[in-house]
Amino acid sequence: MRISTNTLYGAGTARITDLQSAMQKTQQQIATGRKVLTPSDDPIAASQVLNLDQGQAMNQQFATNRINAGNALREQEGVLSGIDELTQDLKTLMVQAGNGALDDTQRGYLATELDSKFDQLLSLANSKDSMGNYLFSGFQAGTVPYVKTATGASFQGDGGQRMLQVDVSRRVSTSVSGEQLFEAIDTGNAAAPGTVQDIFTTLRSWSDALKSSTATPAAQVALSTATSAVGNSLDTLLDRVLSARATVGAQQKEIDALDNAGSARDIEYSQAKSVLQDVDYTQAISQFSQQQTTLEAAMKSFKSVSQLSLFSLI
């Protein structure tokens, strides 16, 4: 079979082009550190890397959510701690008010102190987080939870708990509703059993009783009843606050554990992707050197063949 000069040139040129392309690809793999440059290089590996990327991205989003949840829980714990301390102060004030040797003027001083602590408690109940959301308004994050009234304070929020997804199958609460803490507290009033009201109404009633004269037996009974009611209410509030703080502490511990697991999972994702797509530099450099030698040999061979013709023998 006769082989034309054009065929020789075409075959030689194609071979050199293929070798150059292969060497350029190896060079790109070395430069990028990736052996899979396009999906067509290894469709199965490329698909697996895509799945791993998606899993790692979700894992990193959970890590971000855990940071946000941790911040919210720390802010919540700080406010709950303040409510805890203030409740203890109110209980101490209640003991002082129970001193039978006090006269109306002295009880009036205690009432003034009580009003100040009432405002402090109201301020804590209307606390905001670093994002400007109210901590105790439930789902109504932009609505002030409590508005001061003549008889106490009116709750404007709801009973919802804001949640954050912190892992594949775990959500944590990042808020406590004022409804859970301050509302529907049984005063334990023997004179009016079953009386349920918010802590602010109870405190306001007690303040009014402290400011009233106890010159008559009826007034003395009214003061005793109000003091007893506030004592029961403060005990309930303290129990609720301590329960909420325990829940916050448990969630903070869980977030720490999930963080450790998430960090380990992120490393696993990176290692799995590395096996699939990272280049073996020793192998790649050796391959590049071999391709370079092959290309040089092919170019020399092509040059020699291209110079051959019948006229060179005449």
Side-chain angles (χ1 to χ4, degrees), residues 64-94 112-166 171-185 187 196-207 230 232-256:
T64 299
N65 288 356
R66 285 193 293 272
I67 291 173
N68 294 334
N71 291 338
L73 289 172
R74 278 189 292 274
E75 292 169 346
Q76 192 179 131
E77 163 60 22
V79 176
L80 288 171
S81 176
I83 295 173
D84 188 341
E85 292 178 8
L86 187 57
T87 303
Q88 299 284 4
D89 290 344
L90 285 167
K91 287 173 69 69
T92 300
L93 186 65
M94 183 192 68
T112 300
E113 184 178 352
L114 170 60
D115 290 342
S116 175
K117 293 189 182 302
F118 175 98
D119 289 338
Q120 291 177 45
L121 182 61
L122 186 63
S123 178
L124 287 170
N126 288 334
S127 295
K128 293 182 178 181
D129 62 20
S130 58
M131 302 297 292
N133 297 319
Y134 289 100
L135 291 177
F136 301 114
S137 60
F139 292 139
Q140 312 302 316
T143 301
V144 59
Y146 283 95
V147 175
K148 191 173 183 179
T149 65
T151 58
S154 173
F155 183 55
Q156 308 295 307
D158 58 36
Q161 282 188 313
R162 298 192 288 274
M163 311 287 286
L164 263 180
Q165 189 85 25
V166 294
R171 301 169 72 210
V172 298
S173 170
T174 59
S175 71
V176 177
S177 171
E179 186 174 278
Q180 297 172 266
L181 290 178
F182 309 114
E183 297 292 305
I185 297 178
T187 62
V196 176
Q197 57 194 25
D198 64 83
I199 188 65
F200 298 103
T201 300
T202 304
L203 290 175
R204 180 60 70 204
S205 296
W206 185 39
S207 175
V230 83
N232 292 326
S233 296
L234 289 174
D235 285 341
T236 299
L237 175 61
L238 189 59
D239 287 342
R240 290 181 181 182
V241 170
L242 292 176
S243 176
R245 294 186 70 182
T247 299
V248 168
Q251 289 181 327
Q252 287 176 318
K253 277 184 153 184
E254 183 178 7
I255 286 175
D256 289 341

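Remember, predicted model here, so these are calculated numbers, not experimental data. Both backbone and side-chain heavy atoms feed into the values below; hydrogens, waters and symmetry mates do not.
- A side-chain contact (heavy atoms from CB on, under 4.5 Å) with Arg204 is found for one member of Asp115, Thr149, Leu114, Val230 and no other, namely Asp115.
- Shown here are the side chain to side chain donor-acceptor pair (under 3.5 Å) partners of Asp235, two or more places apart in sequence or in another chain: Lys91.
- Residues passing the salt bridge (Lys or Arg N to Asp or Glu O under 4.0 Å) test with Asp158, sequence neighbours excluded: none.
- In summary, of the residues considered (Ile199, Leu124, Leu238), a side-chain contact (heavy atoms from CB on, under 4.5 Å) with Ile83 occurs for Leu124 alone.
- Counting only heavy atoms from C-beta outward, the side chains of Thr202 and Ile185 never approach each other to under 4.5 Å.
- Using a 4.5 Å heavy-atom cutoff, the side chains of Phe200 and Tyr146 are in contact.
- The stretch residues 121-139 participates, sequence neighbours left out, in these side chain to side chain donor-acceptor pair (under 3.5 Å) pairs: Glu75-Ser130.
- Annotation for Leu237 and Phe182: closest pair CD1-CD2, 3.8 Å, computed over non-hydrogen atoms.
- Heavy-atom minimum distance, Ala244 versus Val176: CB-CG2, 4.5 Å.
- A donor-acceptor distance shorter than 3.5 angstrom exists from the side chain of Ser175 to the backbone of Arg162, with no hydrogens or angles considered.
- Closest approach of Gly159 to Ser177, counting heavy atoms only: CA-OG, 3.5 Å.
- Residues Leu121 and Lys117 have side chains not in contact (no heavy-atom distance under 4.5 Å, counting atoms from C-beta outward).
- In terms of modelled atom types and a separation under 3.5 Å, the side chain of Ser205 and the main chain of Thr201 share a donor-acceptor contact.
- Of all heavy-atom pairs between Leu164 and Ala69, the closest is CD1-N, 3.8 Å.
- The shortest side-chain heavy-atom distance between Phe155 and Asp198 does not fall under the 4.5 Å cut-off.
- A 4.5 Å side-chain heavy-atom check between Gln156 and Pro145 finds every atom pair outside the cut-off.
- For residues 242-255, every residue pair satisfying the salt bridge (Lys or Arg N to Asp or Glu O under 4.0 Å) rule, not counting sequence neighbours, is listed here: Glu77-Arg245, Asp84-Arg245, Arg170-Glu254.
- Although no hydrogens or angles enter the test, the distance criterion places no donor-acceptor pair under 3.5 Å between the side chain of Ser116 and the main chain of Thr112.
- Contact annotation: the side chain of Leu90 never approaches that of Met94 to less than 4.5 Å [non-hydrogen atoms, C-beta and beyond].
- The salt bridge (Lys or Arg N to Asp or Glu O under 4.0 Å) analysis of residues 140-157, with sequence neighbours excluded, yields the pairs Asp119-Lys148.
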request  = List the steps, then state whether side-chain contact (heavy atoms from CB on, under 4.5 Å) holds for Thr236 with Arg240.
outcome  = CA-CA 6 Å; Thr236 299; Arg240 290 181 181 182; 3.6 Å; yes
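- Residues passing the side chain to side chain contact (heavy atoms under 4.5 Å, CB included) test with Ala72, sequence neighbours excluded: Thr174.
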